[in-house]
2 protein chains.
Amino acid sequence: MNKNDTTKSKILDAAEQLFAERGFAETSLRTITARAKVNLASVNYHFGSKKSLIQDVFDRFLSEYSSVLNAQLNSLESNQSDSLTTETLLRALVSPLLALEKQREQSISIFMRLLGRAYAETQGHLRRHVTDKYGYVLVRFTLLFQNAYPNLSNDQIFWRLHYTLGSLIFTLAGSDALREIAEADFDRKMAIEEVIDEMIPFLAAGMKA
Amino acid sequence: MNKNDTTKSKILDAAEQLFAERGFAETSLRTITARAKVNLASVNYHFGSKKSLIQDVFDRFLSEYSSVLNAQLNSLESNQSDSLTTETLLRALVSPLLALEKQREQSISIFMRLLGRAYAETQGHLRRHVTDKYGYVLVRFTLLFQNAYPNLSNDQIFWRLHYTLGSLIFTLAGSDALREIAEADFDRKMAIEEVIDEMIPFLAAGMKA
DNA sequence: AAAAATATCAAACATCTGTTTGAAACATAC
DNA sequence: GTATGTTTCAAACAGATGTTTGATATTTTT
């Protein structure tokens, strides 16, 4: 059987999409199993509980993302001896998302809405799980920026990085809706790549301010 | 009886805080009425339904916010004949939040998490309600920026404004948690005003990029 | 091919959800 | 002070939720 057609991954696919669309609490296991065309009980059989399913959805996405990102940072570090430019670093942050989009044939906004939701779950199990398991990616990124901007203080780097993440997550999470509004106003539907191309100079200018 | 001690406003207060902390679906009417120390049935008596309660929570916050913001923009427009600086406009956007924080003795992050949640509710009744009723504030803001940057195209203004909103909402929504992390790293707890003072140059540089 | 382990299924379970009800308490008007 | 309208309250309601069960089917191992 194809690896993407197992009951387990059919559930993950359906859950990922529905969680991004509606949120965690607003998505029932019955809705998930209906879309995945599997039996209701199979969620608890394969994942144990809804909580674990949510974490597994994030694990699948974040492990794919951070492995591509880490590879990208490795090659950047080895090819360039001196410090990297802001634009290059920001592209390294975003491009794994575009790669994932192509590979999975799924909008970036799905992933970003998931991330945004994890972020909003300030008190929940999810935020702890994500930061425990993938916080090192953010740390690595912080170090690269500290290297690129030796004249900025550490807490300035820290905060500017979060301003940047806010822009990225927020804009990309709403990019589908925003692009529709923009289309109505300006008679042209932008590609997601164009939105990103517009955003990176904006963010780079802020980082350098 | 004090206007803030009515059953209705006790429910609004409790709901506002709980919605921001946990989300809408994750907050039951029983949790709300327990914290507000009122009877369960009083929510449906005073608000009709949970849906209406959610909308009323937003209406209370957004009408207070946008009335202060509009007043601020009015006085800015009348005092300065030529176009306004980015920094001034951004301060006008944020300062009503600081005023609300003082007046209500409640963290800004509560309001911002509420806004972020409304934003995440891409398909729900709430997003429509908010944009229908308060979208004009955003339009007014867009026009001011178009005036300040006549050389930028309209869709550039549109997108940069959304990058800015993303940074603002995301950072301020997580400001409590972020300030705690920053405190552990740098041995100093920043005031929310300091975070904003750091953020405005960042955003202004992006707008001007 | 028999045996063992794994996976699927329909049905039931207990619990929690928003909402409604009808009576009681309270406030206001005449 | 009685009558009228408004608000509070405990209890019940119907429906949805995550989870468990035990039987059946499927796959893997021997």
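The figures here come from the full heavy-atom set of this structure, side chains too, leaving out hydrogens, waters and symmetry mates. Quick note on labels: first sequence line is chain A, next is B, and so on, each numbered from 1.
As rounded to whole Å, 14 Å separates atom C1' of dT19(C) from atom CD1 of Ile32(B). Phe47(B) has its CZ atom 12 Å from the P atom of dT7(D), to the nearest Å. The nearest whole Å value for the distance from the NZ atom in Lys50(B) to the C1' atom in dG18(C) is 8 Å. Taking atom CD of Glu26(A) as the reference point, atom C1' of dG18(C) lies 15 Å away to the nearest angstrom. In this structure, Leu18(A) places its CG atom 16 Å from C1' of dG18(D), rounding to the nearest Å. For Asn44(B) and dT21(C), the CG to P distance is 11 Å, given to the nearest whole Å.
Within a 6.0 Å radius of NZ in Lys51(A), other residues, nucleotides and ligands contribute 12 heavy atoms or fewer.
Remark: Asp185(B) pairs with no residue by the salt bridge (charged side-chain N to carboxylate O under 4.0 Å, His left out) rule, at least two apart or across chains. Checked against ring-ring contact (aromatic ring centres under 6.0 Å, His included), Tyr65(A) has no partners two or more places apart in sequence or in another chain. For Lys133(A), the salt bridge (charged side-chain N to carboxylate O under 4.0 Å, His left out) test picks out Asp59(A), with sequence neighbours left out. Residues satisfying the salt bridge (charged side-chain N to carboxylate O under 4.0 Å, His left out) criterion with Asp56(A), sequence neighbours excluded, are absent altogether.
Contact check on Glu26(A) versus Arg117(A) returns no salt bridge, with no Lys/Arg side-chain nitrogen under 4.0 Å from an Asp/Glu carboxylate oxygen. The residues Asp155(B) and Arg179(A) are annotated as not salt-bridged, no charged nitrogen and carboxylate oxygen being separated by less than 4.0 angstrom. Between Arg188(B) and Glu194(B), at least one side-chain N (NZ, or NE/NH1/NH2) sits under 4.0 Å from a carboxylate O, which counts as a salt bridge.
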Between the protein and nucleotides 26-28 of chain C, list every N/O to N/O distance that falls short of 3.5 Å.
none

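Thr31(A) comes within contact range of no nucleotide atom at all, as no heavy-atom separation falls under 4.0 Å. Among the heavy atoms of the strands lying under 4.0 Å from Thr27(A) are primed sugar atoms or P, OP1, OP2 only; no base atom is included.
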Any chance you could list the contact pattern along nucleotides 7-12 of chain C? Use B for base contacts, S for sugar-phosphate-only contacts and - for none, protein heavy atoms under 4.0 Å, 5' to 3'.
BBBB-B

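One finds a side-chain N or O of Ser28(A) lying less than 4.0 angstrom from the OP1 or OP2 phosphate oxygen of dT17(D).
Under the 3.5 Å distance criterion, with hydrogens and angles disregarded, a donor-acceptor pair is assigned to the side chains of Ser109(B) and Arg113(B).
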